[in-house]
Amino acid sequence: MNYAHLKVSSKDFIAIVTINRPDKLNALNIEVIDQLSKCLTQLNHDESVRCIILTGEGQKAFVAGADISEFAGFSVKNGRELSASGHKKLFSMIEEMNTPVIAAINGFALGGGLELAMSCHIRIASENARMGLPEVSLGVIPGYGGTQRLTKLVGKGRAFEMITTAQMIDANTALNHGLVNHMVPLDELLQKAHNIASKIVKNSPTAIGYAIQAVNAGDEGGLEGYEHEIHLFGEAFGSEDFKEGTTAFLEKRKPEFKGK
Ligand code: COA
């Protein structure tokens with residue numbers, strides 16, 4: 001498997017997929033999303049792979065979000081399509097995979113980066129990791145499942161605080177909130193992920209696939225929440241605040257929001 005923005009290796013039933021765009025802090029552009037979708041789909045059907053570890057290249061970022069430069073000029077329709085296709089192609093797809101995916105969060109996991117980690121079945125963070133959903137600071141909302149998955153993982157009150165303040169939390173806070181299962185020093189992160197993966201691969205892949213489906217079935221009542229998120233994510237693209245927020249990021253200045 002050859003992908004321009006991914007490094008993929010596999011051994012002893014465990015595959016490691018590394019998002020490799022470190023100059024942009026591994027931000028998710030359309031190409032990265034497409035490549036991840038294809039790569040993970042292929043690994044999900046590969047009988048020689050029973051667990052996947054997903055991480056980011058470098059020591060600074062897992063993924064610093066969706067690529068802001070790519071969607072800054074989008075309309076309401078483009079915004080809605082971006083969100084809907086991301087849900088289908090990658091974020092919900094990962095959650096529904098029969099092969100468990102462990103997110104090894106090696107630094108910033110922001111916006112789409114945290115949403116990607118939350119789509120995975122298990123999360124481990126390095127001590128330097130920082131997590132957040134900063135979308136409202138750009139005049140938009142989380143659009144890849146963040147409003148739904150964060151709420152389920154940490155509860156409504158903490159999700160509201162993280163989403164409305166747009167602030168990051170450190171790995172220790174994420175551990176206390178139950179957003180990640182473990183926190184380890186950065187140089188032990190892949191080993192920790194590997195230790196968990198090596199326990200998973202000893203078990204029945206068929207039973208694990210069924211167990212994932214059963215756990216997810218408990219969320220099915222929440223499908224309407226995802227539809228709402230897609231609709232409102234699109235609506236945000238019609239606001240002046242969105243234009244100001246994304247332009248300010250790209251011009252490296254603070255935004256001045258008018259609430260319009
Ligand atoms: N989209 C596009 N480019 C991004 C990006 C994103 N989400 N996050 C980082 N980058 C780019 C920066 O523009 C910069 O590119 P440049 O060197 O060509 O100017 C490069 O990655 C390095 O980032 P920089 O901001 O210089 O690093 P930093 O250490 O000063 O700050 C962050 C790190 C994570 C705090 C900062 O990059 C950031 O706030 N990123 C955006 C996070 C975000 O809002 N994500 C949600 C998007 S919906």
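The figures that follow rest on heavy atoms only: side chains count, while hydrogens, waters and symmetry mates do not. Every number for a ligand or one of its atoms is a count from 1 in the order of the listing.
- Annotation for ligand 1: atoms under 4.0 Å from non-hydrogen atoms of L138 are 44 (O), 47 (C), 48 (S).
- Close contacts of ligand 1 with K60, meaning ligand atoms under 4.0 Å from a residue heavy atom, involve 27 (O), 28 (P), 29 (O).
- Scanning the protein for heavy atoms near atom 39 (O) of ligand 1, the closest one is F249 CE1, 4.0 Å.
- Partners of N181 by side-chain contact (heavy atoms from CB on, under 4.5 Å), not counting sequence neighbours, listed by chain and number: I122.
- Inspection of the S126 and N106 side chains reveals no N or O donor paired with an N or O acceptor under 3.5 Å.
- Of all atoms in ligand 1, numbered sequentially from 1 with element shown, those under 4.0 Å from a heavy atom of K252 are 19 (O).
- Shown here is D187, whose CG atom has more than 12 heavy atoms of other residues, nucleotides or ligands within 6.0 Å.
- Checked by distance only, ligand 1 and L110 stay at 3.5 Å or farther apart across all their nitrogen or oxygen atoms.
- Residue L133 places no heavy atom under 4.0 Å from ligand 1.
- Ligand 1 lies out of reach of G112, whose nearest heavy atom is not under 4.0 Å from it.
- The atoms of ligand 1 that sit less than 4.0 Å from any heavy atom of D23 are 20 (C), 21 (O).
- In terms of polar-atom proximity, defined here as any N/O pair under 3.5 Å, F71 makes no such contact with ligand 1.
- Panel note: side chain E244, backbone E256; a donor-acceptor pair is recorded below 3.5 Å.
- Checked against S9 for a side-chain contact (heavy atoms from CB on, under 4.5 Å), the options T18, I16, V17 give a single hit: I16.
- When each atom of ligand 1 is checked for a heavy atom of D67 under 4.0 Å away, the hits are 1 (N), 2 (C).
- Side-chain atoms of Q191 and N195 form a donor-acceptor pair, as typed in the model, at a separation below 3.5 Å.
- Looking at ligand 1, you won't find any N or O of E135 less than 3.5 Å from one of its N or O atoms.
- For ligand 1, the atoms sitting less than 4.0 Å from at least one non-hydrogen atom of A27 are 1 (N), 6 (C), numbered in the order shown with element in parentheses.
- Between H87 and Y226, the ring-plane angle classifies as perpendicular under the 30° and 60° cut-offs.
- From the protein, the heavy atom lying nearest to atom 8 (N) of ligand 1 is A64 CB, 3.6 Å.
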